[in-house]
Amino acid sequence: MTDFAHLSPTQRKTAEIVLKTREWLESQDKTVDATAMEEASSLFRKPGLSRALLYSATYRSIWDDGDEGPSSRSHRKVKRLASENAKLKEDMAKARRGFDQIRTKLEERDESIRALRQQIAGLEDEKQDLLAGFVDH
């Protein structure tokens, strides 16, 4: 975040509103210019910031990058999307690991069930043998 330590407390609050307004406009993929700043600043302060205030030397450098054009905004958007993509990939890898763990547990349970069924079948055979022997006597 930008360092506003050199500003007075009142100027610092205003600078923070300017920065929040700029970040909000960028998050909405809107052009950051004086008109947009003037209108959108009312979201963070009533009344919104005046154009004269926005163009003062103290605050203009916070919202106006000078020759920044659409290509710089596009670059920031690409960086933001790349970051989101990396997070989604990480989340997907985490989900895959969880899925693999669940699949492993299910396979282990299937083996356990097969072993129990074999045991039951063996006991069933013993029972039949015992019953057959009992009936013969």
From CG (Leu7) to OH (Tyr59), nearest 0.5 Å: 6.5 Å
Residue pair Thr21 / Leu43, side-chain heavy-atom distance below 4.5 Å: no
Roughly how far, to the nearest 0.5 Å, is the OG atom of Ser41 from the CD atom of Glu38? 7.0 Å
More than 12 foreign heavy atoms under 6.0 Å from CZ of Arg114: is that the case here? yes
Nearest-0.5 Å distance, CD of residue Glu39 to CG of residue Leu25: 9.5 Å
Is a salt bridge present between Lys127 and Glu124, judged by a nitrogen-to-oxygen distance below 4.0 Å? yes
Can you name the nearest heavy-atom pair linking Val18 to Met37, along with the distance? O-CE, 3.4 Å
Main chain of Ala52, side chain of Ser56: is a donor-acceptor contact present, judged purely on distance under 3.5 Å? no
Report the C-alpha separation of Leu116 and Gln119 in whole Å, then their side-chain angles, then the decisive distance to 0.1 Å, and conclude whether the side-chain contact (heavy atoms from CB on, under 4.5 Å) test is met. CA-CA 5 Å; Leu116 287 172; Gln119 254 184 327; 3.5 Å; yes
Using a 4.5 Å cut-off on heavy atoms from C-beta on, say whether the side chain of Leu81 contacts that of Glu84. yes
Output, in order, the C-alpha distance, side-chain angles, deciding distance and verdict of side-chain contact (heavy atoms from CB on, under 4.5 Å) for Arg103 and Asp100. CA-CA 5 Å; Arg103 183 177 42 212; Asp100 289 343; 2.7 Å; yes
Once rounded to the nearest 0.5 Å, what's the spacing between atom NE2 of His6 and atom CZ of Arg12? 9.5 Å
Could you tell me whether a side-chain N or O of Arg22 sits under 3.5 Å from a main-chain N or O of Ile62, the two making a donor and an acceptor? yes
